[in-house]
Amino acid sequence: MDLETYLRLDATAMAEWVRAGAVTPLDLVELAIQRIERLDGAINAVTWRGFDAARAEAVVMARAAPGDRPFFGVPYLIKDLNAWAGGPSTFGSRLFERQRVRRSEASVAAALATGLIPLGRTNTGEFGLLATTEPLLFGPTRNPFDHARSVGGSSGGSAAAVAAGYAPMAFASDGGGSIRIPASACGVFGFKPSQGRTPWPARRIPGDLGVHFNITRSVRDAARMLAAVELDPPEGAMARTGLVVGPARRRLVIGVRRLSALGRAPDPDAAAALAKVEALCRDLGHTLVEAEPVAVGEEAVRRFLTYWSWVPAAVERNLWLIRLKTGRLTPLEHALEPWSRSLAEWHRRERKAEPDLMRAADAYFDAARARLMDQHRRIDVFLSPVTRTPAPLIGDQAPSTPFDTLLERTADHVGYTPVENAVGAPAMSVPLGETSTGLPIGVQFAAAPGRDRSLLGLAFELEQAAPWEPVWAARRSAL
């Protein structure tokens with residue numbers, strides 16, 4: 001296999017080549033390493049390289065049978081926000097830069113059990129708390145298609161790695177848009193399953209809205225991965241998704257949400273991408289209607305910020321224990337980024353004024369979930385921008401930006417994605433648009449909690465009607 005072929009295949013196709021004996025796992029690993037070494041000095045998506053271990057694993061795999069592992073022998077990268085025993089687990093924070101863990105968390109282990117070969121770690125913002133990937137520990141990850149632009153966050157390193165052709169898929173997580181936002185910025189497919197659909201640490205923290213999954217080139221890779229790692233849901237909670245293999249036949253009622261959580265209209269590039277996909281959906285026979293956000297205004301931002309700020313506040317409260325475990329005696333002002341410290345301070349201040357702050361946030365989004373389910377009585381799927389504006393310039397949302405400025409910029413940029421986390425619904429960024437300057441910009445579709453299958457069926461249909469992979473494969477080849 002030559003590099004040109006490697007850059008246009010998805011993980012399913014690569015695994016098929018391995019099964020057919022046309023290529024070895026080591027061949028694929030070497031192509032991935034070649035690509036990373038050529039491009040990553042400028043992009044900075046990979047923060048730690050485990051190339052020797054990957055080569056050794058590929059050699060062992062060449063003597064093994066693929067079995068029922070769908071991605072046997074395919075190169076892979078893992079976001080540095082999730083515990084993996086094969087490399088460092090820093091969470092993008094200087095406080096944890098020396099941390100190693102003994103055991104991979106369940107979601108990482110489940111992904112690796114599909115036969116993937118991990119090559120290293122991908123960059124992420126500190127604790128995944130920003131919609132950009134510019135941690136002070138590792139520096140910014142730059143958009144492969146414009147190095148002056150952000151890749152989004154917090155799974156920005158993973159999205160950039162897939163977009164640049166390092167690997168056909170990469171581990172990611174999403175607590176407020178952290179799969180969908182970077183997928184939009186980088187021209188790749190970002191699917192966030194329903195909360196509880198995929199493995200997660202046994203002990204969830206308060207206000208934990210996250211989902212662990214992957215960023216991929218193709219819909220079928222996401223569908224196969226979901227089928228491989230899907231948990232058996234609690235009885236009565238939701239039906240299993242199973243393996244989705246193609247477009248659904250049923251025509252949908254699609255509700256178009258134009259305004260963000262702050263009640264703002266999308267900028268011209270995001271509006272143009274939305275209009276393009278509206279027209280495509282009509283051509284495919286779907287019915288489009290107007291829809292309103294279920295959580296809007298400053299109150300929506302404040303209640304979501306309650307969840308967002310809990311993590312850095314908890315880190316500060318337990319700093320003595322963290323220092324003891326990590327051996328890091330660095331003062332707080334050097335250990336945590338300014339954004340994280342300011343979020344923790346915001347949480348303490350708000351909790352002092354409202355002691356039941358977390359309970360109030362839960363109640364707010366319980367009401368939002370009820371409004372959402374009422375809308376779903378007549379609407380199957382919601383369509384909106386992923387972000388209100390395209391990928392910002394590097395530095396515009398950096399963690400050292402003054403808190404009030406950064407909060408305003410972040411809330412404005414991410415006004416479409418957090419509500420799906422707060423209500424536990426599946427959502428996806430589909431790379432069907434581009435800006436007036438040729439940069440990727442996705443659109444978001446979201447369904448009711450548990451309706452992952454309908455979203456994937458729609459994604460297959462959109463991918464067949466307006467294939468994105470030839471476009472982005474050509475741009476990868478030009479990098």
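Residues: numbered from 1 along the sequence shown. As a basis for the values below, the full set of heavy atoms in this structure was taken, side chains included, without hydrogen atoms, waters or symmetry mates.
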K.L.:
Have a look at T90 and tell me which of T47, D80, T124 forms a side-chain hydrogen bond (donor to acceptor under 3.5 Å, both in side chains) with it.
P.N.:
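So, applying the side-chain hydrogen bond (donor to acceptor under 3.5 Å, both in side chains) to T90 and each of T47, D80, T124, only D80 qualifies.
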
K.L.:
I'd like to know if E126 and R94 make a salt bridge, using a cut-off of under 4.0 Å between side-chain N and carboxylate O.
P.N.:
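Judged by the 4.0 Å cut-off on N to carboxylate O distance, E126 and R94 do not form a salt bridge.
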
K.L.:
Would you call R220 and E469 a salt bridge, using N to O less than 4.0 angstrom?
P.N.:
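Answer for the salt bridge query: no.
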
K.L.:
Can you classify the ring geometry of F96 versus F127 as parallel (below 30°), tilted (30 to 60°) or perpendicular (above 60°)?
P.N.:
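Aromatic pair F96/F127 classed perpendicular.
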
K.L.:
Quick check with a 6.0 Å cut-off and a 45 degree axis cone: is R302 positioned over the face of W308's six-membered ring?
P.N.:
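No - R302 does not lie over the ring of W308 by the 6.0 Å and 45° rule.
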
K.L.:
If we ignore hydrogens and angles and just use 3.5 Å, is the side chain of N214 paired with the main-chain N or O of T216 as donor and acceptor?
P.N.:
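Checking the backbone N and O of T216 against the side chain of N214, no donor-acceptor pair under 3.5 Å is found.
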
K.L.:
Is atom CZ of R388 surrounded by more than 12 heavy atoms (other residues, nucleotides or ligands) closer than 6.0 Å?
P.N.:
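More than 12 heavy atoms, drawn from other residues, nucleotides or ligands, come within 6.0 Å of this atom.
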
K.L.:
One thing to verify: whether D380 and R451 come together as a salt bridge, which I'm taking to mean a side-chain N less than 4.0 angstrom from a carboxylate O.
P.N.:
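Salt bridge flag = no for D380 with R451.
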
K.L.:
Are any of the side-chain nitrogens in R251 or E461 under 4.0 Å away from the carboxylate oxygens of its partner?
P.N.:
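Yes, charged N to carboxylate O under 4.0 Å.
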
K.L.:
So does K192 pair up with D174, basic N to acidic O under 4.0 Å?
P.N.:
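No, this pair does not count.
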
K.L.:
Please find the pair of heavy atoms, one from F445 and one from V443, that lie closest to each other, and give the distance.
P.N.:
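Closest heavy-atom pair between F445 and V443: CE1-CG2, 3.9 Å.
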
K.L.:
For W48 and W84, take the angle between the two ring planes, folded into 0 to 90°, and tell me which bin it lands in: parallel under 30, tilted 30 to 60, perpendicular over 60.
P.N.:
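Perpendicular, since the angle between the ring planes exceeds 60°.
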
K.L.:
Taking only Lys NZ, Arg NE, NH1 and NH2, and the carboxylate oxygens of Asp or Glu, determine whether E292 and R371 approach each other closer than 4.0 Å.
P.N.:
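No, this pair does not count.
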
K.L.:
Can a salt bridge be assigned to the pair E350 and R303 using a cut-off of 4.0 Å between side-chain N and carboxylate O?
P.N.:
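No, E350 and R303 are not salt-bridged.
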
